[in-house]
Amino acid sequence: MSPLRSARGSWRALGIVRVLLRHRLDALLEGTAVGGWLWLLKPITRRASATDLPRGQRLRLALQELGPIFVKFGQVLSTRRDLLPPDMAEELSLLQDRVAPFPGEVARARVEAGLGRPIETLFTDFENTPLASASIAQVHAARLHDGREVVVKVLRPGIRQRIRDDIALLRTLAALADRHHPSAEKIRAQEVVSEIESTLYAELDLQREGANGSLMRRTWAGSDELYVPEVFWTHSSESVLTMERVRGIPSDDVEALDAAGIDRKALAARGVRVFYTQVFRDNFFHADAHAGNIWVDLDPARKDNPRFIAIDFGIVGQLTRRDQYYLAENFMAIFQRDYRRIAELHVEAGWMPATVRIDELEAATRAVCEPYFTRPLSEISLGEVLVKLFKTAQRYELTLQPQLILLQKTLLNIEGVGRLLDPKLDIWAEARPVLEKILRERYSPATLGNEFRKRLPELITHAPDMPRLVHEFLSQQVRGEHSLRMRSEDLAELARISRAGQRQTVYAILGTGLMIVAAVLYALEAGGPQFMGIPAAAAIAGLGAFGAFLAAWPRR
């Protein structure tokens with residue numbers, strides 16, 4: 001890493017700490033190496049005016065102040081409800097990814113560079129004023145030469161480098177948290193940063209987003225329930241995405257829906273059915289399904305038969321067939337209040353260790369679910385039940401894939417919009433028939449027969465090798481030559497500790513050297529610019545020593 005980039009990262013880290021202090025979020029740094037030095041910054045940090053707000057709101061405001069990449073960080077973090085307290089997760093889900101637009105002339109130039117052709121040959125009209133602007137890209141209205149209206153999404157200039165720098169900084173902060181935070185094993189900071197990095201880099205590839213939209217459009221072609229706009233591949237690349245322009249009402253704008261005469265009850269029920277169909281029929285669901293990305297068709301002919309419009313396909317979700325099956329079975333067991341079955345499914349799915357006592361897990365599941373069934377069905381949230389089940393199961397070493405957490409967050413979004421449209425919506429009544437139908441079709445003898453026929457050529461191809469492999473295995477057993485391969489987590493942990501010790505030693509030596517340099521420069525009254533009466537060179541060496549000592553601080 002270059003010295004300039006390192007210095008820039010250090011100042012950025014200092015700025016982050018000051019923003020956290022401004023919003024009275026000191027507790028987030030307690031127990032870390034940085035936490036012990038907070039008293040140095042508190043006298044020069046002006047408190048924000050709204051420090052009496054709940055901590056979730058203060059965290060949201062702090063992320064908004066830190067800039068667009070940290071807004072995106074908060075949005076991704078809001079999907080990890082297994083890592084956050086409920087109040088923080090709820091507030092972070094409210095973060096709005098809106099930033100000031102960049103000039104239209106710059107957007108035109110980037111479209112031409114991305115597509116390799118002049119704007120005039122691509123479009124008859126291209127509006128310089130954007131329709132929307134976010135941290136990753138902004139959208140402009142345009143018209144093709146055949147007269148069709150389109151929207152053109154183009155990446156922000158310099159966004160790749162900005163994300164690279166901020167991810168590097170988050171990696172550094174995560175490493176500090178791993179070494180010094182008392183709850184490092186529960187936070188799993190590096191894992192969270194990896195998830196954020198994966199999400200951000202996926203959103204940087206607009207061709208990937210276009211492919212997601214194209215697949216969803218093909219899956220729902222001709223549907224009365226969901227419309228997906230067309231992707232124009234001749235006008236798209238990794239940095240530019242051109243799609244059909246659609247018009248609709250955001251799904252949470254109740255007043256506009258009522259003014260348009262839309263049947264909100266039918267719309268709410270349809271939204272639940274669409275989501276469960278995407279998850280369990282298609283295994284491909286829109287995972288950023290907030291009201292800004294899910295609209296309602298304005299066609300007057302659809303007042304009594306309303307249809308959703310989906311946009312922005314940067315984040316989609318898929319489950320393994322195994323997780324898909326066990327999740328569906330869990331839902332059906334919840335519908336039937338079969339707590340024993342829920343406990344058994346968690347173990348069968350591999351989400352829980354096989355050593356867990358089924359009766360204990362059954363009792364914990366009953367304690368979570370039973371209070372919900374005392375309410376009217378219209379007040380029960382399947383998303384809330386799922387969140388609490390997963391949190392309870394964490395006590396028994398629950399291990400979940402990120403896609404299950406993403407599904408959990410999307411389910412809460414869908415239920416929230418559904419209840420906004422129809423406060424008396426019975427989500428269970430709408431979801432259950434969809435699940436039962438899909439499970440009947442997916443695991444019917446005909447479907448299983450088709451799956452077997454598809455795999456038959458593969459089985460036939462490998463069949464001649466089976467007698468030889470069985471003979472070799474049995475021969476090894478008889479001769480005592482069978483080898484057992486193991487991966488020792490203890491050995492890996494010892495190697496990690498050894499590497500960490502070496503790094504800490506190097507940083508400690510570096511910090512000591514820089515501290516001596518700073519002391520010598522200060523004592524000799526080195527010339528040049530000064531900062532608060534201290535030679536700038538000595539101050540820089542002192543800051544470098546401080547950073548090196550932080551890096552060398554032993555992990556608790």
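One is the number of the first residue; the rest follow in order along the sequence. Predicted model, so just to flag it, every value in this text is computed and none were measured.
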Do other residues, nucleotides or ligands put more than 12 heavy atoms under 6.0 Å from D258 CG?
yes
With side chain to side chain contact (heavy atoms under 4.5 Å, CB included) as the criterion, how do R164 and Y201 come out once you've worked through the C-alpha distance, each side chain's angles and the decisive distance to 0.1 Å?
CA-CA 9 Å; R164 196 175 295 120; Y201 279 119; 3.9 Å; yes
So does L421 get a backbone contact from the side chain of R264, meaning a donor-acceptor N/O pair under 3.5 Å?
yes
Taking NZ, NE, NH1 and NH2 as the nitrogens, is one of them in D422 or K424 under 4.0 Å from a carboxylate oxygen of the other?
no
Ion pair E91/R55, N-O distance below 4.0 Å
no
Can F123 and H145 be said to form a ring-ring contact (aromatic ring centres under 6.0 Å, His included), step by step?
CA-CA 6 Å; F123 309 102; H145 285 283; 8.0 Å; no
Picking from R273, R270, R302, what satisfies salt bridge (Lys or Arg N to Asp or Glu O under 4.0 Å) with D224?
R302
Do the numbers put R245 on top of the ring of W295, so that NZ or CZ is under 6.0 Å from the six-membered ring centre and no more than 45° off the axis?
no
Under 4.0 Å between a side-chain nitrogen and a carboxylate oxygen: does that hold for R419 and E415?
no
Side chains of F284 and N212, heavy atoms from C-beta outward: is any pair under 4.5 Å?
yes
Under a 4.5 Å cut-off applied to non-hydrogen side-chain atoms, are R217 and V231 in contact?
no
Salt-bridge contact E105-R110 (side-chain N to carboxylate O under 4.0 Å)
no
Taking T242 for the side chain and H235 for the main chain, is one N or O donor matched with an acceptor at less than 3.5 Å?
yes
Between the side chains of E370 and Y339, is a donor N or O closer than 3.5 angstrom to an acceptor N or O?
yes
Are any non-hydrogen side-chain atoms of L206 and S236 less than 4.5 angstrom apart?
no
Is any side-chain N of the basic residue among R432 and E436 closer than 4.0 Å to the acidic one's carboxylate O?
yes
Centroid separation under 6.0 Å, is that true for the rings of H286 and F313?
yes
Geometric class of the F280/Y276 ring pair [parallel <30°, tilted 30-60°, perpendicular >60°]:
parallel
Salt bridge check: are E149 and R247 linked by an N-O gap of less than 4.0 Å?
yes
Regarding D299 and R307, does a basic nitrogen lie under 4.0 Å from an acidic carboxylate oxygen?
no
Below 4.5 Å, heavy atoms only, C-beta onward: do Q138 and R156 meet side chain to side chain?
yes
